[in-house]
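Each remark here refers to the structure printed beneath this line.
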Amino acid sequence: MTETLAYKTVTTEEVSTWLEVAVEKDFPSNGGVCAEYKGLQVAVFNFTRRNEWYATQNLCPHKQQMILSRGMLGSEGEEPKVACPFHKQTFSLKNGENLNGDHCALATYPVKVENGYVYVGFKN
Amino acid sequence: MEKIIVIGNGMVGYKFCEKLRAKATKEQFSIQVFGEEPNVAYDRVHLSEYFSNQSVSDLEMAPRSWYVENDIELITGELIINIDRENKKITSHTGLEASYDKLILATGSSAFVPPIKGSEMQGVFVYRTIEDLEAIIEYGKTSKKAAVLGGGLLGLEAAKAMLDLNQETHVIEFASRLMPRQLDQGGSDSLKSKMEELGVNIHMNRNTASILGEDKMTGLEFTDGQLLAADMLVISCGIKPRDELATQCGLEVGTRGGIVVNDLLETTDKDIYAIGECALHKNFIYGLVAPGYEMADVVVDQLLDGKEKVFESYDMSTKLKLIGVDVASFGDALCEGTPHKPIVFEDNVEGVYKRINISEDGKSLLGGILVGDAEAYGMLLQVTLNGMALPPNPEDLILGSRGGEAAEMELPDTAQICSCENVTKGDICKAVVDQNLENIADVKSCTKAGTGCGACTPMVTDIFNDQLKSMGKSVKKVLCEHFEYSRQELFDLIKIKGIKSYDDLLDAHGSGDGCEVCKPAVASLMASIWNELILNQDTIQDTNDRFLANIQKGGSYSVVPRIPGGEITPDKLIVIGQVAKKYDLYTKITGGQRIDLFGASVNQLPDIWEELIDAGFESGHAYGKSLRTVKSCVGSSWCRYGLHDSVSFAIEVEERYRGLRSPHKLKSAVSGCRRECAEALSKDFGIIATDLGWNLYVCGNGGANPQHALLLAGDVDSETCLKYIDRFLMFYIKTAEPLNRTATWLNKMEGGIAYLKQVVVEDSLGIGTELEREMDFMVDTYKCEWKEVVNNPELRKKFTHFVNAEIPDPTMQFEAFRGQKKPVDWDVALVESK
Ligand code: SRM
Ligand SMILES: Cc1cc2nc3c(=O)[nH]c(=O)nc-3n(C[C@H](O)[C@H](O)[C@H](O)COP(=O)(O)OP(=O)(O)OC[C@H]3O[C@@H](n4cnc5c(N)ncnc54)[C@H](O)[C@@H]3O)c2cc1C
Ligand code: SF4
Ligand code: FES
C-alpha cells in the first residue's frame with residue numbers, strides 16, 4: 001500500500017535527528033502519546049509493564065486513521081503489540097507486523113530516554 | 001401460475017405457507033389464506049403463556065407484515081362455509097367467493113365437549129383459542145373456584161393456568177389415571193401427588209352427570225351422586241377434528257371424525273389436501289404440532305411434484321410444559337400388549353418416577369415414562385428413535401442425575417433433535433462449523449432448532465458444546481490467553497481479594513502483559529465492583545471509555561448528554577443548540593430519545609462538557625458498556641390511554657442506574673399502557689403500566705438478533721419493580737460473559753426465564769438482599785465522570801492529540817453536508833493522507 005510510504009522504519013544506526021518528544025511523566029503508564037515531526041505523526045509508547053519504549057507511525061493502515069497512539073498495549077505470546085481503537089487490528093511493536101490481519105506493517109522508530117526526557121529518532 | 005387456497009390460518013396452515021414460499025418462487029404459486037379467527041396464526045402450543053403476558057404479538061407465528069412481504073393474501077375473521085368441487089370455488093360466511101387450483105384444508109380441531117347437561121351455562125369454557133383465554137381471564141376476576149374436566153395433557157396445563165388465576169382448582173378425570181394415554185399407574189400416582197403439592201385437587205374415576213346452576217353454573221354433579229361446588233369449568237376432554245367442510249362437499253370423513261387422507265395427504269379429491277389436526281391418517285388424528293408440520297412438508301413436496309416424501313406414522317412422544325412438574329413419555333410408553341422388560345425407578349420422597357421399557361432381547365429401548373425428573377428425556381428419546389445400542393446395564397439410563405451413561409452416548413448425525421422444526425444433529429453441527437456460531441442463541445436462530453415447543457433446547461445446547469469442544473474451542477469460557485478464568489470467576493477474585501488495579505490482578509492471577517480483550521473486561525468488572533473513576537486506569541479502558549466519548553470515523557468524537565426519559569426543557573434544548581453551533585458539531589436525535597453531537601476533536605471535549613455541565617447536563621454514558629437510555633412514552637399526564645405516569649418513572653429508573661457499568665450496554669423503557677409506545681419489550685429491562693401497577697419484562701434486545709423481553713413480574717408497585725430490577729441487574733453483572741447482552745445471557749442460562757424468576761422474584765438462592773445492597777452501593781457512589789474531568793486540570797491534560805503541539809489533528813477532515821458537516825469517507829481520507 002503506497003499511501004503509508006510517507007512512514008519508513010528507521011533503525012538506531014540510521015538516526016540523524018533525535019526529536020525531544022516530552023518528559024517521561026507526560027506519558028501514561030502502559031499507554032502512548034502522539035508526537036508531531038515535520039507533518040509526520042508518530043505514536044510513542046511507554047510500556048511500563050515491560051519497561052520498554054516503542055514508537056510507530058500513528059496512522060493505522062487499515063482505514064488510514066491517525067489513531068494508534070490512543071491504542072491499547074498488550075502482548076501476544078512474547079510479542080508486545082498495540083491494538084487500534086477502531087477495529088482492533090493489532091500490530092507488533094517490535095517490527096510493526098499486523099498480527100491479526102494482512103495489512104501492511106507499521107513503520108517503527110527508535111526511542112531513547114535520557115535524564116527524564118524521551119526522544120524519537122528520525123533520518124532526514 | 002397455480003392458485004393455492006389454504007383454509008385455516010393456524011399453526012400448520014401458517015407453516016405450510018412458510019415452507020411453500022421457502023421452496024418455490026412467488027411466480028410458481030399464488031397463495032390465498034382464509035382464517036376464521038380474528039388474529040393471524042399464533043402459537044397455540046404456548047397459548048397458556050397468554051395468561052402471564054397478555055400479548056397476542058408475542059404468540060404470533062409471524063406478523064401480518066410477513067404475509068404482505070411474501071405476497072400471501074391473508075383474510076382473517078372469515079369462515080369458509082362452502083366448497084364447490086365441480087367449479088373449484090369456495091364461499092365464506094360473508095359471501096366472499098374464490099376459486100382454486102389446489103385447496104389445502106388446515107382447519108385443525110375444536111375442543112370436544114361431551115354431551116353433559118348444562119354445558120351451555122355461563123362459566124363453562126373450553127381451552128383452545130385466545131378468545132377462550134380472554135373470556136376465562138375475565139370470568140376469573142369474579143370467580144374463586146374452578147374445575148377442569150379432563151386430566152389429560154391439556155387438562156393439567158389448564159389446571160395450572162387456573163391456579164395462576166388464583167382459583168381453588170379441581171381436576172376431574174374419568175379414568176383411574178392422569179394422562180391415561182401417556183402414563184401408567186405408577187407414573188400417574190407420582191404426578192398426582194406432585195400436582196397436589198402444587199395445590200391442585202385431583203378427583204379420579206369421576207363421571208360427570210350434569211353441570212348445576214340456573215344461568216350461571218354453580219357446581220358439578222357426578223354419576224355417583226357426589227357434588228362439587230365450582231364457579232367455573234374448563235372442559236378439556238380431547239379434540240374434535242374440524243371436518244364440517246369436508247362433509248359438506250362430500251369428501252370421505254372417519255366415523256369418529258377427521259378428514260380421511262392417504263400417505264400423500266390427499267383427500268378423496270386429488271385437488272384437495274388436508275393437513276394438521278383435521279386430517280385422519282391411517283385412522284389416527286395427530287393431536288400434536290410436529291406431525292402437522294411434517295404433513296405440511298409432504299404437501300409442499302407434492303405441489304413441487306417432488307413426489308419423494310410420504311407421510312408415515314409419527315412419533316408421539318411428549319414432554320409436558322408449564323405445569324411446574326416434569327412429565328414426559330416417549331416411544332411406546334405403556335407397551336400394552338408388546339412383550340418387554342420394564343425397569344422402574346421410584347423415589348416417593350422426591351416424587352420421582354421413571355420407567356423404561358427394554359425389548360425382550362434386552363438390546364433396544366422401546367419407550368418409557370418420566371415424572372418428577374425429565375432431564376434425560378431428550379437423550380432417552382434419541383436412544384429409542386435411533387434404536388441405539390444400550391449400555392451394559394440399561395438401568396444406568398435412568399439412574400444417576402443426567403441420565404448417567406446416556407449423556408455420554410454418541411448420537412448419529414441423522415438423529416432428529418428438534419421434531420417441531422425437524423432439525424437433525426447433523427444440521428446443528430454443520431451450522432456451527434460453516435457459520436462458526438458462537439452461542440446457543442445463534443444456533444437457535446440459524447437452525448430454528450428449539451424454536452418450537454422448546455423441549456429439545458437442553459439437547460441442542462449439549463450438541464453445540466460438544467461440537468465446540470471437538471473444534472478445539474474451549475467451552476469453559478476463559479477470558480483470553482492472559483487469564484485462565486471466566487468473567488464470573490474474576491468477578492469473585494477481584495471482589496473477595498479486594499483487588500483495585502489491573503496490574504495487581506495480572507500479577508496475582510494472570511500471565512503476560514494483557515491485551516485488548518482482558519483489559520476492558522477487567523476495567524468493566526472493577527467499575528461494577530468498586531465504582532471508582534475509570535480514568536484512574538485510563539489505558540485499560542476501551543477507547544470510548546478512555547476519552548468518555550464515542551470515537552467516530554476520522555478520529556473525532558461524539559458528545560451525548562443524558563436526557564433522562566427523553567424529557568427536556570426548551571432552555572436545555574437551546575443550550576445544546578448553542579454548544580453545537582459554537583463548536584460546529586453535527587447534531588442528530590438518536591434512537592435513544594436524546595441528542596448526539598458529533599465531530600468534536602479530542603481537545604474540545606472538556607470545554608464542551610464544561611458548558612453542558614454548567615447548564616445542568618451530565619454524562620449520558622453513550623460511550624460506556626453501561627446504562628444508556630430509559631426511553632419513555634408521554635404517559636398518563638398527557639395521553640388519553642395512559643394508566644400511570646411513565647415519564648416520571650422512566651426518569652426515576654434512569655437516574656437510579658445511570659453510569660452503572662455492566663458486561664454490555666443496558667437499555668430500558670417505560671410505557672404508560674399496553675400500546676407500548678416506548679418499545680419496552682425490546683429492552684434489557686422494560687416496564688409497562690397495567691391497571692394494577694407495572695409489568696416488568698427482562699432480557700429483550702433490538703439490534704442484530706431482536707428478541708422480545710419476557711415477563712419477570714406482573715402488576716408490581718414501583719418499589720417492588722425497582723427491587724427486582726436491582727436484583728436482576730446485579731445478578732446479570734455478576735454472572736454474564738463479557739459483551740453478552742442480557743438476552744444472550746438468558747438464552748445461555750440453564751432453566752431460562754423460569755430459573756431467573758426463581759432467583760430474582762422468589763429469591764431461591766437467598767442472595768436477594770445482598771444483590772440489593774450491592775446495587776445501593778453503586779447508586780450511592782455514582783459520580784458524573786465528565787464533572788470530575790472538567791474540574792481536574794490533571795485529567796483535562798489527557799485530552800490532547802499531540803504531546804508536543806497544542807493543535808488538533810490536522811488530518812481530521814470534514815465536508816459540508818445538508819447544512820451541517822460530516823467526516824470525509826474512509827477512502828477519501830486515505831488518498832489525502834498520502
Ligand atoms: C447514536 C445511535 C444511532 C442514532 O443516531 O440513533 C447509535 C450509535 C451507535 N450504536 Fe447503536 N446507536 C443508537 C441506538 C441504538 C438502538 C436503539 C435504542 O437504543 O433504542 C439500538 C437497538 C436496541 C438495542 O441495543 O438492543 C442499537 C443497537 C446497537 C448495536 C447492536 C446491539 C446488539 O445487541 O445487537 C450496536 C453494536 C454493539 O453494541 O455491539 C450498536 C453500536 C453503536 C455504536 C456504538 C457503534 C460504534 O461502536 O461506533 C454507534 C456509536 C455512535 C456514536 O458515536 O454515538 N448499537 N443502537 C443511537 C444512540 C442511542 C443513544 O442515545 O445512546
Ligand atoms: C392449550 C394447548 C396446548 C397445546 N400444547 C401442545 C404441546 O405442548 N405440544 C404439541 O405438539 N401440541 C400442543 N397442542 C396442540 C397444537 O396446538 C395443535 O396440534 C396445533 O395447533 C394444530 O395446528 P392446526 O393448524 O392443525 O390447527 P389449529 O392451530 O387449530 O388451526 C386451525 C385454524 O383453522 C381455523 N378454521 C377452522 N375451520 C375453518 C373454516 N371453515 N374457515 C376458516 N378457518 C377455519 C380455526 O379457526 C383455526 O384458527 C396444544 C393445544 C392447546 C390448545
Ligand atoms: S446502526 Fe450501525 S451504522 Fe447505524 S449507528 Fe448503529 S452501529 Fe452505527
Ligand atoms: S482503522 Fe485501525 S483497525 Fe480499522
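In what follows, every chain begins at residue 1, and chains take the letters A, B, ... in the order their sequences are listed.
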Under 4.5 Å heavy-atom distance to chain A, tell me which part of [X] shows up: side chain, backbone, both or neither.
X: B:V602; value: side chain
X: B:N544; value: neither
X: B:Q537; value: neither

| query | What option among B:I807, B:D503, B:D513, B:T543 has the most heavy-atom pairs under 4.5 Å with chain A? | reply |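 Max contact count across the listed options: B:D513.
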| message | Just so I understand: if I count every heavy-atom pair under 4.5 Å between each of B:C515, B:C518, B:A805, B:P810 and chain A, which residue has the most? | response |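 Among the listed options, the one with the most contacts to chain A is B:C515.
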Compare every heavy atom of [Y] with every heavy atom of [X], then report the nearest pair and how far apart it is.
X: B:K519; Y: A:G74; value: NZ-N, 4.5 Å
X: B:D809; Y: A:M66; value: OD2-CB, 3.3 Å
X: B:N804; Y: A:A35; value: OD1-CA, 3.6 Å
X: A:P28; Y: B:T539; value: CB-CG2, 3.8 Å
X: A:K88; Y: B:E516; value: CD-CG, 3.5 Å

Quick check on [X] against chain B: is it the side chain, the backbone, both or neither that has a heavy atom closer than 4.5 Å?
X: A:F27; result: neither
X: A:E76; result: both
X: A:L73; result: both
X: A:R50; result: side chain
X: A:T48; result: neither

| query | Atom CD of A:Q64 and atom OG1 of B:T811: how far apart are they, to the nearest 0.5 Å? | reply |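 A:Q64 CD to B:T811 OG1: 10.5 Å, rounded to 0.5 Å.
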| field | Between A:A83, A:G32, A:C34, the one whose heavy-atom pairs under 4.5 Å with chain B are most numerous | value |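 So the answer, after comparing A:A83, A:G32, A:C34, is A:C34.
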| said: Quick check on the interface: out of A:V44, A:I67, A:V21, A:N30, who has the most heavy-atom pairs with chain B under 4.5 Å? | reply: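 Sorted descending by pairs with chain B, the first entry is A:N30.
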| task | Check the pair A:V33, B:T800 against side chain to side chain contact (heavy atoms under 4.5 Å, CB included), reporting the backbone distance first and the verdict last. | result | CA-CA 9 Å; A:V33 302; B:T800 56; over 6 Å; no
| request: May I ask you to check whether over 12 heavy atoms, not counting those of A:K112, lie within 6.0 Å of atom NZ? | output: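 Counting neighbours around NZ of A:K112, more than 12 heavy atoms of other residues, nucleotides or ligands fall under 6.0 Å, so yes.
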| Is it the case that B:H801 and A:S69 place a side-chain donor and acceptor less than 3.5 Å from each other? |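 On atom types as modelled, these side chains do not qualify, holding no pair under 3.5 Å.
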| query | Would you call A:R49 and B:D507 a salt bridge, using N to O less than 4.0 angstrom? | reply |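 Yes, A:R49 and B:D507 are salt-bridged.
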